[in-house]
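Reading through the structure tokens given below for one structure.
As the structure is a prediction and not an experimental result, all values here were calculated from the model. First listed ligand is number 1; within each ligand, the first listed atom is number 1.
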Amino acid sequence: MSTDRQLAVVVLAAGKGTRMKGDLPKVLHPILGRTVLGWVLAAVAPLDAQRVVVVTGHGADQVEASLPAGTLTARQVQQRGSGDAVAAALPALEDFTGDVLVVNGDGALFSTDTMRAVVEGHVGRASVATALAIRGDVALPYGRIVRGPDDRIEEIVESVDATPEQLAVDELNAGVYCFDADALRAGVPRLSDDNAKGELYITDLLAIARGDGGRTLSVVAGGPEELLGINTRADLADVEDVLRRRVLRGHMLNGVTISMPDTVLIEPTVTIEPDALILPQTILRGDTRIATGTKIGPGAGLHDTIVEHGASIERSVAREARIGVDATVGPFAYLRPGADLRERSKAGTFVEIKNTTVGVNAKVPHLSYIGDASIGEGTNIGAGNITANYRPELGRGKQRTEIGRNVRTGSDTVLVAPVTLGDGAWTGAGSVVVDDVPAGALALARARQTNIDGYAERVVGGAKA
Ligand code: UD1
Ligand code: CA
């Protein structure tokens, strides 16, 4: 910052969000894994303000619980407007001198650069009250920044209070302000609710400061998309779309290929190395980390999952899993917490794996449930195998299945845990394995087949063949 003046930030997050038509406080609606308020706070953080105060009110307990520990908050008891909200922050600024950046808590698209431009314009031009102006469509329901002959802000007029002439002004109030702390303290007690909404408007502080002879300037910065406050769920979707594209663009510029990006959603917490390929309808969330040379999708849904280089995942879901080097997943696999696929291993089609290590080169290709198990290197699990690991008579926890290296299980094997299959063991198709199988042995655990001769003739009057 080009100044040694002190900076405080106040985020207004007490509003009811009536137009969202629901119970969740507006600023807590999630967008790409963060709350609306979380996006605002993330954009503010790099400004390194001496203090950040979040004004809460509607759903205050819930909003405060969503904040990182140690965040300063102030309560606005009744939601009497944005001017009253900033008033509620004043006690937290009692001993503060310097500049106060005030930001609408529903402005998830404000960028750090834009807010920095507001502070720098305010300080650099010795303003006492500054508002961020963005040129936009005059049909938008935003405040109009009305300038006087000297180019200073005369007043900001809400669209519902504006004359037709004022409505034609295309410099719109974005909801980011900077005030000299003393001017803020002087202006707030003089706000009035004599307006169309019957609220105390923060925007009236500009006209009050001007009336006191102070400089009131607008900073024109940022892009038109930053104007989008979130007032309705339609706005929420529009904002999500902008943020989603911002995140994708960052990855693409960093060397990640994303096919049909309109169908891809990646949360900002996800990391992807260059030369990964992200295919359509893929959703990556949380602390997911994707290495180079991977092929993710189409239709991959990964949450808190690590994907190592060369791995590929098609039409599959994974949560808290690790997919090792050159491993393949899907189509249609479900990896649950603790699924750990080692190098070149495979989880194939209609396969569910939980809390299980699948060894190097080991394969679970078709129609299986494998939970609480370890599968050794080079083992192949036949189609339709199940680890039956819930044994209430043995206690509450799940029982483990240990499968050695180079094991071959037959189709439709049920492994009733706890059970161990030694290295190189085999099981016959349809076996229900309840006892350990020694290394190299074949377990056959099924009833012998009986053929009843002449059955068709006797019972249903002859074979149709
Ligand atoms: C506000 C501005 C408008 C601007 C627009 C930009 C006012 C009077 N008008 O309108 O000029 O163009 O933002 O998006 O501010 N809040 C409280 N307590 C309250 C009322 C509001 O904390 O009692 C908070 C809200 O949570 C929100 C912010 O103040 O973050 C603005 O309130 P909102 O009702 O969304 O104002 P807009 O009508 O969008
Ligand atoms: Ca708003």
Note, Ser374 side chain near Arg400 side chain (heavy atom, < 4.5 Å): yes

To the Ca ion (ligand 2), the closest N, O or S atom belonging to Asp106 is OD2

Test item, Lys26 contacting ligand 1 (heavy atom, 4.0 angstrom): yes

Run through Lys354, Arg336, Lys398 and flag the one making a salt bridge (Lys or Arg N to Asp or Glu O under 4.0 Å) with Asp372. Lys354

Using the side-chain contact (heavy atoms from CB on, under 4.5 Å) rule, pick out the option among Leu72, Val86, Val10 that qualifies with Leu93. Val10

Closest non-hydrogen protein atom to atom 35 (O) of ligand 1, residue and atom name please, with distance? Asp106 OD2, 3.2 Å

Flag the pair Arg51 / Leu7 as yes when at least one side-chain heavy-atom distance between them is below 4.5 Å, and no otherwise. no

Within less than 4.0 angstrom of ligand 1, does Asp84 place any heavy atom? no

What protein heavy atom lies closest to atom 29 (O) of ligand 1? Include the residue and the distance to one decimal. Leu12 CB, 3.6 Å

Over 12 foreign heavy atoms within 6.0 Å of CZ, Arg80: no

Examine the proximity of ligand 1 to Arg80 and report which part, side chain or backbone, both or neither, has a heavy atom under 4.0 Å away. backbone

Does His58 have a non-hydrogen atom less than 4.0 Å from ligand 1? no

Residue, atom and distance of the protein heavy atom nearest atom 4 (C) of ligand 1 read Asn173 O, 3.2 Å

Using a 4.0 Å heavy-atom threshold (strictly under), name the region of Glu158 that reaches ligand 1: side chain, backbone, both or neither. side chain

Atom 18 (N) of ligand 1: which protein heavy atom is closest, and how many Å away? Gln76 OE1, 2.7 Å

Polar contacts were defined as any N/O atom of the residue lying under 3.5 Å from an N/O atom of the ligand; does this apply to Tyr201 and ligand 1? no

Give the residue, atom name and distance (to 0.1 Å) of the protein heavy atom nearest atom 26 (O) of ligand 1. Gly15 N, 3.0 Å

So does Asp340 pair up with Arg342, basic N to acidic O under 4.0 Å? yes

Using the side-chain contact (heavy atoms from CB on, under 4.5 Å) rule, pick out the option among Val169, Leu227, Val220 that qualifies with Arg135. Val220

Within 3.0 Å of the Ca ion (ligand 2), is there any N, O or S atom belonging to Asn231? yes

Per atom 7 (C) of ligand 1, closest listed option by heavy atom (Gly105, Ser82, Ala133): Ser82

Would you say Gly81 contacts ligand 1, with heavy atoms under 4.0 Å as the rule? yes

With a 4.0 Å cut-off on heavy atoms, does Val55 reach ligand 1? no

For ligand 1, does Ala174 get within less than 4.0 Å through its side chain, its backbone, both, or neither, judged by non-hydrogen atoms? backbone

Atoms of ligand 1, numbered as shown, that sit under 4.0 Å from any heavy atom of Gln79: 23 (O)

What's the spacing between Leu243 CG and Leu32 CG if we round to 0.5 Å? 6.0 Å

Enumerate the atoms of ligand 1 whose separation from the nearest heavy atom of Asn231 is less than 4.0 angstrom. 35 (O), 39 (O)

Would you mind checking which non-hydrogen protein atom is closest to atom 34 (O) of ligand 1, with the distance to 0.1 Å? Arg19 NH2, 4.0 Å

Is the shortest distance from atom 32 (O) of ligand 1 to a protein heavy atom below 4.0 Å? no

Which residue and non-hydrogen atom of the protein lie closest to atom 28 (C) of ligand 1, and at what distance in Å? Asn104 OD1, 3.4 Å

